[in-house]
Amino acid sequence: MNKLNTLYGLISLQQYDKALRLISEEVEEQQSVVNVLMASIKEPMIAACLLGKFNRAKELKVSLTIDESSSMNVDMRPEATEKIVTIIGNLLENAFESASKHQGTEGKVYVSFTDLGQELIFDIEDNGKRLSEKEKQAVLVDGYSTKKEAGDGHGIGLTIVQAALEKLDGALYYGDSEAGGTLATVVLPKGSVENGSDERSDSGR
C-alpha cells in the first residue's frame, strides 16, 4: 500500500521517470523470486505460499532469502500440500516476528528445502532471538502459544503446526541459526506426502 501511495504521488507530481523506475524495481525483484520458485518447486501451492510470504516480509521490512539451490520435486497429495502450507506459513510468520522485533529493519529470514533421500526437509532461519535449550523444548509443547511463554513469537501458531505435522508423521526441531537467531527444521517422510500414498488414519496412530 505504501508503494502504491508513493507511485500515485509521483504520477500526480508528474515525476514519470521516477514512477517508472519504482515500477521496474518492483517487477524485477518479484520476477527474480518467481523464477527461483518455478525452477525449484513442483507444487504450485507451496511456491505460491512462499511468494506470498516474500511479499509479507517486505511489508514488515524484513528480508526473506530463498536458497536458490533448494529443490522440491515430489508429486504431492492435495491434502498433504495444504498441511505443508500451514506448517511453513506459520513458521515463517514466527520467524518474521522474531527478526522484526529484535533486529528492526535489519531483520533477516532464510528458507531452504530439499527432497533428496527419503524425507522432505525445510529449514527456516532468522536473526531474531536465539532460544535457550529450555525454550527450544518448551516451545514444542502444545499450548505454548503466547509470545511471552514461547520465546518472543517462536511458539505462535505451533498448536496448528503440531496438528498438521502429526497428520504427516512429521517432526519439528529447533536449533541455533547461523544468522544469530533460531533455526526451525521440518522433517516429513516422503511416503506421507507423495501422491498415491494413503494418509494414515487416526486409529492407526
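In this chain, numbering begins with 1 at the start of the sequence shown.
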Item to check | Heavy-atom side-chain proximity of Ile84 to Leu168 below 4.5 angstrom | outcome: yes
Item to check | Within-4.5 Å side-chain heavy-atom neighbours: Leu50 and Phe113 | outcome: yes
Checklist entry - Any chain of hydrophobic side-chain contacts (each under 4.5 Å) joining Val74 to Ile41? => result yes
Item to check | Straight-line distance of Ile87 CD1 to Gln162 CD, nearest 0.5 Å | outcome: 9.0 Å
Next on the checklist: Can you give me the closest heavy-atom contact between Met45 and Val85, atom names plus distance?
Outcome noted: O-CG2, 3.9 Å
Checklist entry - Which pair of non-hydrogen atoms, one from Asp115 and one from Lys190, has the smallest distance, and what is that distance? => result O-NZ, 2.6 Å
Checklist entry - Should Ile160 and Val187 be regarded as members of a common hydrophobic cluster, given that ILVMFWY residues are connected when their side-chain heavy atoms come within less than 4.5 Å of each other, either directly or indirectly? => result no
Checklist entry - Under 6.0 Å from the CD atom of Gln118, do we count more than 12 heavy atoms belonging to anything else shown? => result no
Checklist entry - For Met76 and Leu120, what are the C-alpha separation, side-chain angles and deciding distance, and is it a side chain to side chain contact (heavy atoms under 4.5 Å, CB included)? => result CA-CA 11 Å; Met76 302 182 191; Leu120 309 185; 3.8 Å; yes
Checklist outcome for this item: Rounded to the nearest 0.5 angstrom, the CG-OG1 distance for Leu172 and Thr185 is 8.0 Å
Checklist entry - Are Leu188 and Leu165 close enough that some pair of their side-chain heavy atoms sits under 4.5 Å apart? => result yes
Checklist entry - When rounded to the nearest 0.5 angstrom, what is the spacing between NZ in Lys108 and CD in Glu125? => result 13.5 Å
Next on the checklist: I want to check something: taking the side chain as every heavy atom from C-beta on, are Lys129 and Thr182 in contact at a cut-off of under 4.5 Å?
Outcome noted: no
Checklist entry - Just wondering, do Leu92 and Leu64 contact through their side chains at under 4.5 Å, heavy atoms? => result yes
Item to check | Main-chain N/O of Ser112 paired with Ser70 side-chain donor or acceptor, under 3.5 Å | outcome: no
Checklist entry - Atom NZ in Lys83, atom CZ in Arg77: separation rounded to 0.5 Å? => result 7.0 Å
Checklist entry - Under a single-linkage definition using a 4.5 Å side-chain heavy-atom cutoff for Ile, Leu, Val, Met, Phe, Trp and Tyr, are Met72 and Tyr110 assigned to the same hydrophobic cluster? => result no
Checklist entry - Between Ser100 and Val62, which heavy-atom pair has the shortest distance, and what is it? => result CB-CG2, 3.8 Å
Item to check | Leu20 reachable from Tyr8 in the ILVMFWY side-chain graph, under 4.5 Å edges | outcome: no
Next on the checklist: Check whether Glu119 reaches the backbone of Ile121 with its side chain - one donor and one acceptor, N or O, closer than 3.5 Å.
Outcome noted: no
Checklist outcome for this item: Taken to the nearest 0.5 Å, the spacing of Ile66 CD1 from Leu37 CG works out to 4.5 Å
Checklist entry - Considering residues, nucleotides and ligands other than Asp75, do more than 12 of their heavy atoms fall under 6.0 Å from its CG? => result yes
Item to check | Ser192 versus Ala80, closest heavy-atom pair with distance | outcome: O-CB, 4.2 Å
Next on the checklist: Using modelled atom types and a 3.5 Å cut-off, is there a donor and acceptor pairing between side-chain atoms of Gln103 and backbone atoms of Asn127?
Outcome noted: yes
Checklist entry - Under 4.5 Å between any side-chain heavy atoms of Tyr16 and Ile11, yes or no? => result yes
Checklist entry - Side chains of Asn90 and Leu158: does their closest heavy-atom pair fall under 4.5 Å? => result no
Next on the checklist: If I take atom OH from residue Tyr173 and atom CG from residue Leu183, how far apart are they, to the nearest 0.5 angstrom?
Outcome noted: 12.5 Å
Checklist entry - Are Ile88 and Val111 connected in the hydrophobic side-chain network, where two residues link if heavy atoms are under 4.5 Å apart? => result yes
Checklist entry - Around atom CD of Glu59, are there more than 12 heavy atoms of other residues, nucleotides or ligands at under 6.0 Å? => result yes
Checklist entry - With no hydrogens and no angle check, is any side-chain donor or acceptor of Lys101 less than 3.5 Å from a backbone partner on Gly128? => result no
Checklist entry - Do you know which two heavy atoms are closest between Ser177 and Asp126, and how far apart they sit? => result OG-O, 3.3 Å
Item to check | side chain to side chain donor-acceptor pair (under 3.5 Å) partners for Thr114, two or more places apart | outcome: none
Checklist entry - Could you go step by step and tell me if Leu13 and Lys18 meet the side chain to side chain contact (heavy atoms under 4.5 Å, CB included) rule? => result CA-CA 10 Å; Leu13 295 170; Lys18 292 182 178 179; over 6 Å; no
